[in-house]
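Note that the structure is predicted; figures quoted are calculated from it, not measured. The sequence lines fix the lettering, A, B, ..., with proteins before strands; numbering per chain opens at 1.
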Amino acid sequence: MDLIDDSENGANVPLSRRAMAARPSPYLDGLNAAQRAAVETLEGPVLMLAGAGTGKTRALTTRIAHLLTLGLARPGQVLAVTFTNKAAREMKNRIARLLGETVEGMPWLGTFHSISVKILRRHAELIGNGQLHLKPSFTILDTDDQIRLLKQLIQAENIDEKRWPARQLAHLIDGWKNRCLTPGNLPRGEGAAFDGHGGKLYAAYQDRLLTLNAVDFGDLLMHCVTLFQAHPDVLRQWQDRFRFILVDEYQDTNVAQYMWLRLLAQAHRNICCVGDDDQSIYGWRGAEVGNILRFEKDFPGAQVVRLEQNYRSTPEILAAASGLIASNQGRLGKTLWTDAPAGEKVRLIGHWDSEAEARWIGEEIETFQGGHRAAIGPVSLNEMAILVRASHQMRAFEDRFMTIGLPYRVIGGPRFYERQEIRDAMAYFRLAVSPEDDLAFERVVNTPKRGLGDKAVKTIQGLAREHGLTLLDAARLAVEEKHLGGKGGANLREFVSLMTGAHLSVQSGGDHIQIAERLLDESGYTAMWQNDKSPDAPGRLDNLKELVKALEEFENLQGFLEHVSLVMDRDDGENTEEVSIMTLHAAKGLEFPVVFLPGWEEGLFPNQRAMDEQGNKGLEEERRLAYVGITRAERLATISFAGNRRLYGQWQSSMPSRFVDELPEEHVEVLTPPGLYGGGYGAAMAMAGGVQMQERAAKADVYNSPGWRRMQARANERKAPVGRTPVTIDAAPATRFTVGDRVRHAKFGEGQIMGIAEDTLTVQFDTGFKTIKASYVQPLDGADDVPF
DNA sequence: CTACAACCAGTTTTT
DNA sequence: CTGGTTGTAG
C-alpha cells in the first residue's frame with residue numbers, strides 16, 4: 001500500500017546543478033565554531049541549545065541547505081517542523097536565499113499541525129472507532145466550533161452549564177489530547193473530572209467529530225500518533241521518507257508532539273532539535289520543558305551543541321537577563337556572552353500608577369524618536385516596543401498614545417479569520433462545499449435573522465435525527481412537509497435553495513469567486529452589515545471584501561477553506577512608522593533596539609494565577625517570560641512598575657515584582673520619576689531610593705507596615721468573598737436617593753430620578769425613561785460618597 | 001423571536 | 001470597566 005505519491009518526494013525537483021558543484025560551500029562562511037558544529041553534525045541525534053539572539057534560525061536553515069547541497073537528502077526527504085506558520089515561512093525564505101532560489105519546494109517544512117494534516121489525509125480511513133472512520137475530506141474545527149459542539153453535548157447530558165462551562169471541558173479535552181490520552185486510555189481519575197462526566201463527554205465528543213467527519217486541532221497530532229502506533233506499516237513508510245528531521249522551539253513541544261517525533265525518528269535517529277530551555281513559556285498550553293531537559297536520555301549518544309554567542313544585545317542587557325534567569329532551578333545551563341561594546345545599563349523606574357507609567361513611556365518614546373538622547377541617537381518608532389504581561393495592560397498605552405497622537409500598533413489580538421464576519425462568511429462557504437457540515441448550518445441558518453430561532457432549529461434537528469439526515473437535508477424536508485409556517489418557513493425555503501444551488505455550482509466546478517459573492521449577497525449577509533449602524537460595520541464590510549479578494553489566489557473553495565483553517569495569518573500591518581505594543585508571549589522570536597517592560601508588579605508579573613495554579617513551576621515560567629522580555633532588547637531595556645493600577649474598573653495597589661529584586665544591581669540604573677510622589681507605599685519608596693531602598697521597603701517597612709496592611713485589607717474587601725453571596729459595596733441603597741437627584745448610568749449616561757420603588761428607580765435620560773436597579777447608577781453631585 | 005436589562009467572569013495563545 | 005451570555009418582557 002503506497003498512498004504516498006512521488007511528486008512530493010522531491011523526485012521531480014532536480015537539485016540545483018550549481019549547488020551540486022563541488023564549490024566550497026559559501027554559506028558556511030561567517031558561522032562561528034558552535035554554529036558550524038551544529039550545521040555539520042548531520043548524522044545522529046543533535047540537541048542545539050540556542051540562547052536568545054545566538055543565530056539559531058541561521059544555524060537551522062544552513063543545516064538544511066548543507067544537507068541538500070551534500071546530496072544527503074532531497075528536499076522531500078527532510079522533515080522540518082515549527083510551531084507557527086510565520087516561523088515556517090521565515091525558514092523557507094532563508095533556505096531559498098541560501099541556495100539561490102534554486103530548490104523549489106520543501107514540502108515537509110511546516111507546522112506540526114499542517115504536516116499532520118497532510119499525513120492524516122492519506123490515511124483518514126484508518127482513524128475511527130470501529131464503526132465510523134474519517135474520510136480524507138475531513139474538516140478541521142476551530143476552538144469556536146469545538147465549544148459549540150461541547151455545549152450541545154453538555155446540554156444533552158443535562159449538566160448545569162453554569163457550573164460546568166463548555167470552555168472548561170474544552171480545556172480539559174485539549175489537555176488530554178496534548179498528552180495523547182484517547183477516551184480509551186484515559187486514566188480513571190482523569191475521566192472523573194468535570195463532575196464525573198469528563199470521560200463520557202470526551203468519548204461522546206470524539207464520536208460526534210467522527211460523524212461530522214471532523215477533527216479538532218488536538219486531534220491532528222493525537223490521531224497521527226495513534227495511527228503510527230496502530231499501523232507499523234504506515235509508520236514505516238513515513239520513517240523511510242523522512243531521512244532527516246529538524247525541530248524548532250523544541251522546548252515548547254507537548255507530549256503528543258514528542259511522541260510524534262520519537263516515532264518518526266526512532267528508525268534512523270537523524271533528529272536535530274533546537275531550543276532554549278530558558279525560553280519555555282507555553283507550559284500552560286501543554287508544553288513540557290522536560291522534553292528538552294530529557295533529550296540526551298531519550299536519544300543516547302546525542303551531540304549537544306550550545307550556541308552562546310549573542311549577536312543581538314549589549315553586555316548589560318545580557319547580564320541583567322542572565323542574572324535574573326539564574327534564580328531558576330533545573331536549567332541545562334548556558335552563559336550568553338557578546339563581544340559587542342558596552343552600552344547602557346538596564347533602566348528601572350517606579351511610577352505612582354499605571355497612567356503615570358504610560359505617560360512617562362510615551363514621553364520617552366517621543367524623546368528617542370526625536371533623537372534627543374545622545375547615547376542612543378534617533379530611534380524610529382518601529383524600532384521600539386512595549387511588551388506587557390497581560391493584554392489589559394495595553395489599554396493604558398492605547399489611551400495615552402491616542403491622546404498625544406503617537407502612532408502605535410497592537411500585535412496579536414483577534415486574527416482575521418477569527419472575526420465574526422469572516423467566520424460567518426466562511427460558514428456559508430463551508431456549507432456550500434460540504435452540505436453535511438451541520439455546525440456551519442447552525443451558524444448561518446439564522447444569520448442574518450430569518451426568523452428561525454431556537455425553536456425552528458430544534459425542529460430541524462429533530463427531523464435530522466429522526467431520519468438520519470444532515471441539517472440541510474432536514475431543513476429541506478421541513479420546508480417540503482411544511483413543518484415551519486409563516487415567515488420563517490418561507491425564509492428557510494429560500495435559504496435551502498440558495499445553499500443547494502451553491503453546492504451544485506461548487507460541484508460542477510463553477511467560478512468560486514462568483515459563488516462566494518452570490519452566497520454573501522443573496523443570503524442577505526452583506527446587506528445585514530450595510531444596514532448595521534454600528535461604527536464597526538464598515539470595517540466588517542471591508543474585511544468581507546478582503547476575504548473575497550483572498551479567494552483569487554485559490555483554485556476553488558475547498559483549497560481556500562483548508563488554507564484558512566490552518567495557515568491563514570493575521571493581517572499584519574504595513575511598514576508604517578508605529579510603536580509596537582504586544583504581550584511578552586507574542587514577542588518571542590522578535591527583537592527591537594529599544595524595549596519597554598512595564599507592569600513588573602507582584603500579582604501581575606509574576607502573575608498571581610500562574611503561581612496559584614502551578615506553584616514554583618508557574619513562578620519559574622514567569623521568570624522565563626521576564627528573561628524573554630529583556631533579551632528582546634538590542635540596545636536599551638527599560639523596566640517599570642506602578643504602585644497603583646486600575647483593574648476591572650477598580651484601583652488596586654501592588655508591590656514591585658520580586659523580579660525587580662532579582663536583577664543584578666550593577667547592571668541596573670534606577671531612575672527617579674518626574675514629579676513629586678506622596679504616600680508611603682512600596683512603589684513610592686522604591687521610587688525614591690533605588691534598588692536597595694526598594695528591597696528594604698519590600699521586605700521590612702512595607703509588607704509589615706500598618707499602612708500596607710490597611711491597604712491590603714481594603715483591597716481584599718473590595719473583592720467579592722469566595723463562596724458567599726457577594727457583598728456589593730458600591731451598590732447604593734435606594735433610600736439614599738431622592739426624586740430629583742441626578743445619577744449616572746454606565747450605558748445611558750446622566751439622568752434624573754423621576755420615581756423610586758424599593759431599589760428600583762425610574763430615571764429620565766436624554767434617550768428617554770428607563771427603569772433601573774439602584775445599584776446600577778452612581779449618584780452625582782452631593783450624594784454620599786461610595787466607600788473607597 | 002427579538003431586544004435589552006441584569007448578571008458574571010475576567011492570563012498568556014498557536015494550530 | 002467590558003464583553004459575552006442569560007433571562008425576561010414585549
Side-chain angles (χ1 to χ4, degrees), chain A residues 81-88 110-117 140-143 146-147 151 161-162 165-168 171 174 177-178 215-221 249 252 254 256-257 281-287 387-393 395-396 399 411-415 417-418 420 446 449-457 486-488 491 564-570 582-588 599 603-614 618 621-622 624-625 628-629 646-651 719-720 726 728 730 745-748 760 770-773 775-776:
Chain A
V81 228
T82 63
F83 274 84
T84 63
N85 293 303
K86 197 173 153 199
T111 62
F112 275 104
H113 296 267
S114 64
I115 290 170
S116 295
V117 173
I140 301 159
L141 302 189
D142 62 27
T143 322
Q146 194 187 356
I147 295 208
K151 205 172 257 175
E161 267 183 277
K162 278 265 175 59
R167 290 195 61 86
Q168 194 189 324
H171 184 75
D174 272 347
K177 291 185 175 177
N178 284 158
V215 300
D216 63 22
F217 286 120
D219 282 335
L220 292 175
L221 284 143
E249 307 280 15
D252 288 334
N254 60 36
Q257 287 155 341
I281 56 174
Y282 285 110
W284 50 272
R285 68 177 198 211
L387 311 182
V388 298
R389 175 62 183 87
S391 49
H392 63 72
Q393 286 173 263
R395 179 178 236 103
D399 287 351
I411 313 269
R415 268 144 296 152
Y417 66 87
E418 277 169 6
Q420 186 195 339
N446 199 29
K449 301 262 184 293
R450 295 190 176 89
L452 298 158
D454 272 356
K455 216 180 108 206
V457 173
K487 216 171 182 179
N491 285 339
V564 171
S565 60
L566 274 177
V567 185
M568 194 147 156
D569 271 325
R570 62 191 72 189
M582 69 187 91
T583 63
L584 288 159
H585 284 92
K588 192 164 83 148
L604 176 60
F605 191 36
N607 183 271
Q608 192 59 48
R609 201 142 145 189
M611 293 189 291
D612 290 348
E613 285 168 15
Q614 299 285 334
E621 183 156 314
E622 294 289 303
R624 290 193 290 267
L625 206 44
V628 166
R646 201 173 14 211
L647 188 62
Y648 308 139
Q650 299 211 295
W651 283 98
K719 293 175 200 152
T728 330
D730 49 4
H745 183 273
K747 208 175 203 162
F748 306 121
T760 310
K770 299 278 174 199
T771 309
I772 282 165
K773 281 251 161 82
S775 54
Y776 282 87

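- The nearest whole Å value for the distance from the NE2 atom in A:H171 to the C1' atom in B:dT15 is 16 Å.
- Contacts of A:D216 with the nucleic acid, taken as non-hydrogen atoms under 4.0 Å apart, are absent.
- Annotation: side-chain hydrogen bond (donor to acceptor under 3.5 Å, both in side chains) contacts of A:E249 (sequence neighbours excluded): A:K56, A:Q251, A:K588.
- Whole-Å rounding puts the A:N85 CG to B:dT15 P distance at 5 Å.
- Residues passing the side-chain hydrogen bond (donor to acceptor under 3.5 Å, both in side chains) test with A:D219, sequence neighbours excluded: A:K177, A:Q206.
- The side chain to side chain contact (heavy atoms under 4.5 Å, CB included) search around A:L141 returns A:T139, A:D145, A:L149, A:L209, A:A214, A:R430, A:L439, not counting sequence neighbours.
- In this structure, A:L387 atom CG and B:dT13 atom P are separated by 12 Å, rounded to whole Å.
- Annotation: salt bridge (Lys or Arg N to Asp or Glu O under 4.0 Å) contacts of A:R609 (sequence neighbours excluded): A:E613.
- Note: CD1 (A:I140) to C1' (B:dT15) measures 9 Å, nearest angstrom.
- For the side-chain hydrogen bond (donor to acceptor under 3.5 Å, both in side chains) test, residues two or more places apart in sequence or in another chain that qualify with A:H585 are A:W284.
- The 5' end of DNA chain B is approached more closely, in terms of each residue's nearest nucleotide, by A:A456 than by the other of A:T84 and A:A456.
- Nucleic acid contact class of A:L452 (heavy atoms, under 4.0 Å, all strands): sugar-phosphate only.
- Residues satisfying the side chain to side chain contact (heavy atoms under 4.5 Å, CB included) test with A:A256, not counting sequence neighbours, are A:C180, A:L221, A:N254.
- By the 4.5 Å heavy-atom criterion applied to side chains, A:L387 and A:M582 are counted as neighbours.
- Straight-line distance from the CZ atom of A:R450 to the P atom of B:dT2: 11 Å, rounded to whole Å.
- Rounded to whole Å, the distance from CG on A:L647 to P on B:dA9 is 16 Å.
- The distance from atom CD1 of A:I115 to atom P of B:dT14 is 19 Å, rounded to the nearest whole Å.
- Of the candidate nucleotides C:dT2, B:dT2, B:dC1, B:dT2 has the atom lying nearest to any side-chain atom of A:K449.
- Between A:V81 and A:I115 the shortest side-chain heavy-atom distance falls below 4.5 Å.
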Would you tabulate the pairs of protein nitrogen or oxygen atoms and nucleotide nitrogen or oxygen atoms of nucleotides 6-10 of chain C closer than 3.5 angstrom?
none

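- Residues satisfying the side-chain hydrogen bond (donor to acceptor under 3.5 Å, both in side chains) criterion with A:T82, sequence neighbours excluded, are absent altogether.
- Taking atom NZ of A:K177 as the reference point, atom P of B:dT15 lies 18 Å away to the nearest angstrom.
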Give me, pair by pair, the N or O atoms of the protein and of nucleotides 10-12 of chain B that are less than 3.5 Å apart, along with how far apart they are.
residue: B:dT11; atom: OP1; partner: A:Y648; partner atom: OH; Å: 2.9
residue: B:dT12; atom: OP1; partner: A:S391; partner atom: N; Å: 2.8
residue: B:dT12; atom: OP1; partner: A:S391; partner atom: OG; Å: 2.4
residue: B:dT12; atom: O4'; partner: A:R389; partner atom: NH1; Å: 3.1
residue: B:dT12; atom: O2; partner: A:W284; partner atom: NE1; Å: 3.2
residue: B:dT12; atom: O2; partner: A:R389; partner atom: NH2; Å: 3.1

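- For B:dT15, the OP1/OP2 oxygens have no side-chain nitrogen or oxygen of A:N178 closer than 4.0 Å.
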